[in-house]
Amino acid sequence: MSSITGAGVSPGRVIGPVLQMPPAVPEPDAGVGLPAEASVEAEAERLKSAAKAVQTGLKARAANASGDAAEVLKATALMAADPMLLKSAAKLLAAGRSTERAIWEAAEQVAAQLKALGGYMAERAADVLDVRARVVAELRGVPAPGIPDSNVPFVLAADDLAPADTATLDPAKVIALVTAGGGPQSHTAILARALGLPAVVAAEGVTSIPSGTEVFVDGSAGLVVAEPGETERSAAAAWAARGALPAFDGTGTTADGQLVPLLSNVGDGEGALAAAAAGAEGVGLLRTEFCFLNRDEEPSFEEQSAAYKAVFDAFPGKKVVVRTLDAGADKPLPFLTDATEPNPALGVRGYRTDKAHPGVLQRQLQAIAAAAGQSKAEVWVMAPMISAASEAAHFAGLCEAAGLKTPGVMVEVPSAALTAGAILEAVDFASIGTNDLTQYTMAADRQLGPLAELTDPWQPAVLQLIKATVDGAAATHQPPKPVGVCGEAAADPALAVVLVGLGVNSLSMNARALSGVAALLKTVTLEQAKEAARLAVTADSAETAKAKVRANLPMLETLGL
């Protein structure tokens, strides 16, 4: 029996045979050039057709997915026909490379550039290399790489998972995910939580376990054990016998009656209906990018308004918080973002695009207002990537001009947390995006396995900034203006208790996490939550913070969380 420790990102204890992801598409021979009878023009067209076929296939998969999965697939599809990638390949074709070698080298160059930029753009490198493999497979007329097939349920192991694969794996067959790379807030982690699969990331060594070996996976402890013994078998059996958590009854509350609204993060009308069916008390984050991805031009007022209304109609009489377009960085748009930015993660993204392209945000706000006027939802609107009070005030003015009554901001950078009091003079609420706040606070790319400890939202520095945001809201306003959390941290039941103890008013998460968070909150009083927050904030590391809090919440074990 041997064990490997990584970062546990989605709870569950299971035992099953491990299957390794199939080998990558073999690299085309660098010594083979274009055949004598082939023309550069014809091969460039063949390459363009292959890329288009890959894009079409990914779009079709996106149409059959929803929520996070659909958004990841749409973003990857956009990369498949990226003009920069195809132009680079065409130049290599003209220099005598074979068609397969040209796209291979072009993708390598683009991926290297993205990795060098760090942050969100570094995340897109995996998408480029995934697309490269799919295009080469298309050119060869062979199946694209993907999840292995099996007649029995299995644990999937990989270096890391391409977003397009993770988004569409079958949870009836794949019972757990283990990867050598990635971090607590990587695409793999986010989608594992959305699918309810036990998952461990940044577990170096898992790719060396031979396929077919029986393994035990503990998604809370971050443990992978090859050839498990009786202790692990008992733990897996207890997990299987625990029974399902009670369905969320639609009222988030602590044991002593402190109301904590539990909302859901959604990306479209279908996701909103699923969240409503799961009991969500509203929407804490509507990602509006779904209207804009895979577009060469801005969607029309009518298209946007209809898409937003579909979400609003799922929650009549309830709060729906809309995040305006978060373009830039990992979500480039041809009509809005500059692909030549040297560091897009720190560049013109989110609210900042309004300075470079005034009018797009104004028109989006008008479409949101029109949809709100035709529905019964209580619509709030927030701007992403706000860094200063002056930006918050400008956004509030745009909302007022559009007829939207409740403007707010995303707190995603340390400056916004530290000046929350001044920012909340201009707007009505703040929502903390813990994924970005962690990344920007710790200066660490959330996709990198070696940095998994730094990109953990349990980092005391991140929790202190959340407290600073809450304190800022209270220092200048009585009663304090509301501060919610809509990042992945809210989906961790133990961390949700800490957030409540820090004074956060509401929590928004993927719909699947609602029952676990609600069940644990009902077992703790507000004073116990405050004690958990004190333990976490004063810890010397993310690992220590998490261990101290979990040890202080024995119901986690009872509930199987």
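With Glu378 contributing its side chain and Val320 its backbone, the two residues share no donor-acceptor pair below 3.5 Å. A side-chain donor-acceptor contact under 3.5 Å links Lys481 to the backbone of Leu424.
Pairing each heavy atom of Val321 with each of Gly284, the nearest pair is CB-O, 3.5 Å. Closest approach of Ser220 to Lys546, counting heavy atoms only: O-NZ, 3.9 Å. Heavy atoms only, all atoms of each residue included: Ala420 and Gly472 are closest at CB-CA, 4.3 Å. For the pair Ala392 and Val409, the tightest heavy-atom approach, listed with the atom from each and the gap, is CB-CG1, 3.9 Å. For Ala518 against Phe248, the heavy-atom pair with the smallest separation is CB-CD1, 3.4 Å.
Side-chain polar atoms of Ser305 and Glu302 form no donor-acceptor pair below 3.5 angstrom. With hydrogens and angles left out, the side-chain atoms of Gln459 and Thr438 include no donor and acceptor closer than 3.5 Å. Side-chain contact, Trp380 with Asp428: no donor N or O sits under 3.5 Å from an acceptor N or O. Gln364 and Tyr308 are linked by a side-chain donor-acceptor pair at a separation below 3.5 angstrom, with hydrogens and angles left out of the test. Side-chain contact annotation: Thr188 with Asp160, donor-acceptor N/O pair under 3.5 Å present. Side-chain atoms of Asn265 and Ser508 form a donor-acceptor pair, as typed in the model, at a separation below 3.5 Å. One side chain, Arg352 or Ser387, offers a donor N or O that lies under 3.5 Å from an acceptor on the other.
Side-chain contact between Arg134 and Val131: absent, with no pair of heavy atoms (C-beta onward) separated by less than 4.5 Å. A 4.5 Å side-chain heavy-atom check between Ile368 and Val381 finds at least one atom pair inside the cut-off. Between Thr441 and Leu465 the shortest side-chain heavy-atom distance falls below 4.5 Å. By the 4.5 Å heavy-atom criterion applied to side chains, Val110 and Met84 are counted as neighbours. Residues Leu245 and Leu561 are in side-chain contact: their nearest non-hydrogen atoms beyond the backbone lie under 4.5 Å apart. Taking the side chain as every heavy atom from C-beta outward, Val9 and Val200 never approach each other to under 4.5 Å.
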Yes or no on side chain to side chain contact (heavy atoms under 4.5 Å, CB included) for Ile386 and Met410, after CA distance, side-chain angles and deciding distance?
CA-CA 6 Å; Ile386 291 292; Met410 291 282 290; over 6 Å; no
Side chain to side chain contact (heavy atoms under 4.5 Å, CB included) between Leu507 and Val260, worked out
CA-CA 7 Å; Leu507 302 170; Val260 184; 4.2 Å; yes
Derivation and outcome, side chain to side chain contact (heavy atoms under 4.5 Å, CB included), residues Arg193 and Asn510
CA-CA 8 Å; Arg193 286 190 285 265; Asn510 68 73; 4.0 Å; yes
As a quick check of understanding, evaluate salt bridge (Lys or Arg N to Asp or Glu O under 4.0 Å) for Glu400 and Lys405, giving each step before the final call.
CA-CA 6 Å; Glu400 183 179 8; Lys405 299 177 181 178; over 6 Å; no
Check the pair Leu495 / Trp458 against side chain to side chain contact (heavy atoms under 4.5 Å, CB included), numbers first and verdict last.
CA-CA 7 Å; Leu495 191 45; Trp458 281 91; 3.7 Å; yes
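In this structure, CD in Gln439 is found 11.5 Å from OG1 in Thr434, a value given to the nearest 0.5 Å. To the nearest 0.5 Å, atoms CG (Leu502) and CG (Asn505) are separated by 11.5 Å. One distance of note links CZ of Phe429 with CD1 of Ile423; it measures 13.0 Å at 0.5 Å rounding. Between Ile147 atom CD1 and Phe154 atom CZ the span is 6.5 Å, to the nearest 0.5 Å. In this structure, CZ on Arg323 lies 12.0 Å from CE on Met385, to the nearest 0.5 angstrom. Taken from OG in Ser10 to CD1 in Ile190, the straight-line distance is 12.0 Å, to the nearest 0.5 Å.
With sequence neighbours excluded, the residues satisfying salt bridge (Lys or Arg N to Asp or Glu O under 4.0 Å) with Lys467 are Asp471. Residues that satisfy the salt bridge (Lys or Arg N to Asp or Glu O under 4.0 Å) test with Arg512, not counting sequence neighbours, are absent from this structure. Checked against salt bridge (Lys or Arg N to Asp or Glu O under 4.0 Å), Glu391 has the following partners two or more places apart in sequence or in another chain: Lys355. For Lys522, the salt bridge (Lys or Arg N to Asp or Glu O under 4.0 Å) criterion is met by Asp249, not counting sequence neighbours.
The side-chain hydrogen bond (donor to acceptor under 3.5 Å, both in side chains) analysis of residues 311-321, with sequence neighbours excluded, yields the pairs Lys309-Asp313. Listed by first and then second residue, the side-chain hydrogen bond (donor to acceptor under 3.5 Å, both in side chains) pairs involving residues 174-183 amount to none (not counting sequence neighbours).
The only member of Ser264, Ser506, Pro261 that meets side-chain contact (heavy atoms from CB on, under 4.5 Å) when paired with Glu281 is Pro261.
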